[in-house]
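Predicted, not measured: the structure shown is a model, and the values here were computed from it.
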Amino acid sequence: MEENKPEDFKRELGLLDGTMLVVGSMIGSGIFIVSSDMVRQLGSAGWLIAMWVLTGVITVIAAVSYGELSAMFPKAGGQYVYIKEAYGKLVGFLYGWSFFAVIQTGTIAAVGVAFAKFSAYLYAPLSDKNILYEIGSFKLNAAQVLSIITIIFLSYINSRGVKNSKILQTVLTLIKIVSLAGLIIFGFMAAKAEVWDANWTNAWASQSFNVETGNWLPISGMALISAISAALVGSLFSSGAWEGVTFIAGEIKNPKRNVGLSLFLGTVIVCVIYVLANLMYLAVVPMQGIATAESDRVAVVASQYIFGPIGTFLIAVMIMISTFACNNGMIMAGARVYYTMAQDGLFFKKAAQLNKASVPAWSIWVQCLWASVLCLTGKYGDLLDFVVIVVLIFYMLTILGIFILRRKLPNVERPYRAFGYPFLPGFYIVVSTAICIALLVVKTSTCGWGVLIMLAGIPIYYLTKAKE
């Protein structure tokens, strides 16, 4: 039976390492950027904070619900394993296909380019405006090259063993938490009562910002639902990737306890930081300033208010550390999914092998290659829009899997049971379904493509199965 397959992974990661992987993978560049577009969509302090609180609540509910599954199946592959056990190989493959084609590699590419873009603050030639090579409509810029170099470098570190990448992850994530906490604290110290009061006047007056005219237009009804859906894309994307720790369960000490606890502690830490960061933006930057931040870099605008001209430099360094740690965590975690899929005959056979350092190096390098290709397409921003709905669908299916597995496998040991079952997991499923439907209606052109990419895995599954 599959359950009895020997695992050659070394269990070298403790609770702190697991929690730091959750925090490090969640906090990338989003919290420094997405609030600007969220304010343009909804135009008020109350709605902005409400979106972050809603995102935080459903993220923590999802994480504590995953605790039951992680304790039942404490092995490499995480979410892929849970989906396969609940729904069978086809849906498991669809998840793995979407994960490799878009979700993990697309996010690694985008985070890599975010690292490069902010590096350009320190050294201008690294900018995406610096075109190095041009052939036809294809343009290779310095930011793309740097992003690929960082992805290759982090893939190399991860291929050398989990110990090096774990130390890098923990150190960078602790620096990230301390620097974000510092930004929030200094922000509140520099807060201006008149800015705070102005931002909270008419806190629930929903309005959208017209970029061309610079005017605010009141919205309600379907326009408000559309704006909420669009705003949630930013906060949900910024709050994703927490499930990465489930992928490396085979390398975590006492996984039945530590995976679930890492999920809970990591998501709570990040969601609290995110809400506080947005309250700090509202205390320092006028609403108009948040909406019109250059390239949506609201954290840069806030840091200029707080620290003066040196603020830009401080934020650039902070985001470089943040995105570097984020990608390290995602590269480490993602490769374990392909490894487990390959063991089930659903991915390249070589991906099922571990190297001398007991890590799936081949999986790491094939992930590196595809993420690098996505860096070159220049369409990673679109891919992220496609990704959000696919990520939500699989989060939802996984949590629905708790209900299915309680009926399907009633006698399997459950060292931890989903908190608030069936009400909280049920609440998550209802809210996520509503968000997915709204996204499909109001963002058909992007989210529709995301669903199509996912469904394209069905013929691929049957074609590859026929060759077995």
Side-chain angles (χ1 to χ4, degrees), residues 26 28-31 33-44 47-63 65 79 83 91 94-95 97-99 101-107 110 206-209 219-243 271 274 278 296 379-400 425-458:
M26 284 179 77
S29 55
I31 186 57
I33 297 168
V34 298
S35 296
S36 187
D37 184 60
M38 291 171 75
V39 165
R40 284 199 297 275
Q41 300 290 345
L42 290 164
S44 76
W47 279 107
L48 175 68
I49 299 303
M51 292 303 99
W52 284 102
V53 170
L54 174 63
T55 300
V57 168
I58 63 173
T59 299
V60 174
I61 288 173
S65 299
Q79 190 172 0
I83 288 172
V91 183
L94 281 185
Y95 171 72
W97 154 255
S98 305
F99 188 80
V102 182
I103 297 171
Q104 198 77 349
T105 48
T107 307
S206 48
Q207 50 187 349
S208 69
F209 184 72
I219 52 170
S220 59
M222 195 60 204
L224 178 58
I225 293 169
S226 174
I228 289 170
S229 306
L232 280 169
V233 167
S235 56
L236 286 167
F237 173 71
S238 302
S239 305
W242 47 265
E243 74 281 6
C271 293
Y274 280 2
N278 279 279
D296 287 356
K379 294 206 169 71
Y380 50 86
D382 293 339
L383 282 167
L384 291 189
D385 239 8
F386 306 158
V387 162
V388 169
I389 191 165
V390 181
V391 170
L392 263 184
I393 287 168
F394 283 115
Y395 280 166
M396 203 165 52
L397 284 174
T398 307
I399 289 170
L400 185 60
F427 172 76
Y428 181 89
I429 291 165
V430 170
V431 172
S432 296
T433 304
I435 293 170
C436 285
I437 292 168
L439 284 173
L440 272 176
V441 171
V442 304
K443 285 197 157 216
T444 315
S445 58
T446 49
C447 291
W449 275 108
V451 175
L452 283 175
I453 290 169
M454 177 184 75
L455 296 177
I458 297 175

Mind running side-chain contact (heavy atoms from CB on, under 4.5 Å) on V102 and V390 for me, showing each step along the way? CA-CA 9 Å; V102 182; V390 181; over 6 Å; no
Partners meeting side chain to side chain contact (heavy atoms under 4.5 Å, CB included) with V34 (sequence neighbours left out): M38, W52, S238
First locate atom CG of L397, then atom CD1 of I429, and finally report the distance between them rounded to the nearest 0.5 Å. 9.0 Å
How would you list, by chain and number, every residue that makes a side-chain hydrogen bond (donor to acceptor under 3.5 Å, both in side chains) with S235, sequence neighbours excluded? T55
Distance-minimising heavy-atom pair for V91 and F394: O-CE2, 4.3 Å
M396 and I435, any side-chain heavy atoms less than 4.5 Å apart: no
Should L94 and I83 count as side-chain neighbours, where that means a heavy-atom distance under 4.5 Å? no
Hey, which of I399, V60, V57 is the one that makes side-chain contact (heavy atoms from CB on, under 4.5 Å) with Y428? I399
Provide the closest heavy-atom pair for A227 versus I219 in the form atom of the first, atom of the second, distance. CB-CD1, 3.6 Å
Evaluate the side-chain proximity of Q79 to F99: yes if any heavy-atom separation is below 4.5 Å, no if none is. no
Is there a donor-acceptor pair under 3.5 Å between the side chain of Q207 and the backbone N or O of G43? yes
From S65 OG over to I58 CD1, what is the distance, rounded to the nearest 0.5 angstrom? 11.5 Å
In this structure, CD1 of I458 is separated from CH2 of W97 (nearest 0.5 Å) by 12.0 Å
Considering only heavy atoms from C-beta outward, does the side chain of I389 approach that of M454 to under 4.5 Å? no
When you measure from the side chain of S226 to the backbone N and O of M222, does any donor-acceptor pair fall under 3.5 Å? no
Euclidean distance, L392 CG relative to C436 SG, rounded to 0.5 Å: 4.5 Å
With a 4.5 Å limit on heavy-atom distance, are the side chains of L42 and L224 in contact? yes
Close side-chain approach of L232 to L439, heavy-atom, < 4.5 Å: no
Test item: S239 side-chain N/O and L236 main-chain N/O as donor-acceptor pair under 3.5 Å: no
Separation between CD of Q41 and OG of S206, rounded to the nearest 0.5 Å: 12.0 Å
Would you compute the distance between atom OG of S432 and atom CD1 of I437 and round it to the nearest 0.5 angstrom? 11.0 Å
Exactly one of Y274, W242, Y395 should register a side-chain contact (heavy atoms from CB on, under 4.5 Å) with T59. Which one does? W242
Below 4.5 Å, heavy atoms only, C-beta onward: do L48 and N278 meet side chain to side chain? yes
